[in-house]
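Just follow the structure's listing: the first ligand is 1, and inside any ligand the first atom is 1. Since the model is a prediction, treat every value here as computed from it, not as a measurement.
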Amino acid sequence: MWTGLMNKYRRYLPVTDRTPNITLSEGSTPLIRLHNFSEQELGGLKLNVYVKFEGLNPTGSFKDRGMFLAISKAAEAGAKAVICASTGNTSASAAAYAARAGLQCFVLIPDGHIALGKLAQAMVQGAKVIAIAGNFDDALAAVRTISEKHPFTMVNSLNPHRIEGQKTGAFEICEQLGQAPDYHFMPVGNAGNITAYWRGYQEWQAAGQIKTLPKLMGFQAAGAAPIVDGHPVKDPQTIATAIKIGNPASWRQAEAARDESGGVIEKVTDEEITQAQLKLAAREGIFCEPASAASVAGLLKKAGEGFFRGGETAVCVLTGHGLKDPDRAIAIAPPLSRVRADSAEILKIIQAG
Ligand SMILES: *Cc1c(COP(=O)(O)O)cnc(C)c1O
């Protein structure tokens with residue numbers, strides 16, 4: 001029986017016999033091979049493309065990998081309350097694990113800029129949700145100030161336990177493939193996850209589990225690409241709200257992951273993100289949220305540039321589930337057909353294709 005990441009990877013995590021295991025059986029997400037992307041779309045080449053569907057974690061995003069550990073360590077330290085800033089998924093995850101641990105949870109979100117599913121999760125899971133008139137970067141600054149002076153444990157990815165837990169994603173990919181992929185594509189927002197994956201791959205190599213390391217290929221949204229542009233973005237803009245971040249907390253670590261692995265951090269437009277999200281859903285049956293599709297958009301972009309030689313293995317991390325942002329999905333999908341409950345009329349529509 002799968003009982004979560006602490007039991008599976010205890011040796012690689014900063015836990016002791018005194019650390020409570022606050023788990024919702026996170027991790028062990030599927031690595032799914034893509035079948036229906038044509039060679040033409042992949043730059044005329046045969047590539048082995050897999051997606052790591054992190055949307056199948058307990059709260060629907062990869063944030064659970066780090067949150068189980070951040071909350072377990074907070075409980076071990078005797079914390080009574082946790083606090084975070086969030087574009088949505090961190091708050092959904094923090095609220096769930098805090099509820100499990102019996103801790104109070106406070107979340108600061110940018111008012112009007114988080115996806116419906118995520119807001120619903122945080123609210124129903126008992127968090128005190130505070131919507132601020134500002135963006136994610138403003139919310140994070142406030143959380144840093146408050147948690148420095150008051151007895152709240154901050155569970156943003158500045159909390160080192162978040163990164164430690166999230167590195168297990170790399171372990172799983174290597175176990176599922178039997179080796180590291182050649183390329184690892186992922187979205188970059190606050191840059192905690194790219195930091196975590198690079199650490200995970202390096203530790204898995206040091207443990208003798210893999211011989212080679214992947215190149216890390218990070219993608220920011222074009223309107224929120226501070227690392228690519230080389231300066232903080234004051235007013236980040238993108239439909240991919242989970243990566244709508246203008247001043248990433250783990251900026252330097254993301255650059256280190258890029259440079260040490262020989263990868264890139266580049267940007268993809270909202271249109272490229274949307275096309276990738278639609279293709280994954282309509283052609284492979286895999287429904288991820290917009291930010292997650294930035295990884296596949298990045299792969300398609302590099303393939304179109306002639307970046308690959310053929311035969312390489314690439315893993316794209318799908319960081320969150322499509323149901324997180326139903327408004328966006330409905331907005332980009334083909335419209336539905338409305339008719340009377342009359343079989344002749346219904347058949348007309350069916351026959352029109
Ligand atoms: C948090 C999040 C990201 C960005 O991850 P960072 O660690 O902030 O770079 C990407 N996609 C989804 C769905 C997220 O929830």
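Two residues are said to be in side-chain contact when any heavy atoms from C-beta on lie closer than 4.5 Å; Lys118 and Glu289 meet this criterion. Pro290 has its side chain within reach of Ile273: a pair of non-hydrogen atoms, C-beta onward, lies under 4.5 Å apart.
Through direct or relayed side-chain contacts under 4.5 Å between Ile, Leu, Val, Met, Phe, Trp and Tyr, Ile245 connects to Ile83, Phe106, Leu108, Ile130, Ile132, Phe136, Leu140, Val143, Ile146, Phe152, Met154, Leu158.
Protein neighbours of ligand 1 below 4.0 Å, counting non-hydrogen atoms: Phe62, Lys63, Asn89, Pro187, Val188, Gly189, Asn190, Ala191, Gly192, Asn193, Ala242, Ile243, Glu289, Ala291, Ser292, Thr319, Gly320.
In terms of modelled atom types and a separation under 3.5 Å, the side chain of Asp182 and the main chain of Glu312 share no donor-acceptor contact. In this structure, Asn190 contributes its side chain and Gly192 its backbone to no donor-acceptor pair below 3.5 Å.
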side-chain contact (heavy atoms from CB on, under 4.5 Å) between Ile71 and Arg100, intermediate numbers included:
CA-CA 9 Å; Ile71 299 287; Arg100 191 87 164 153; over 6 Å; no
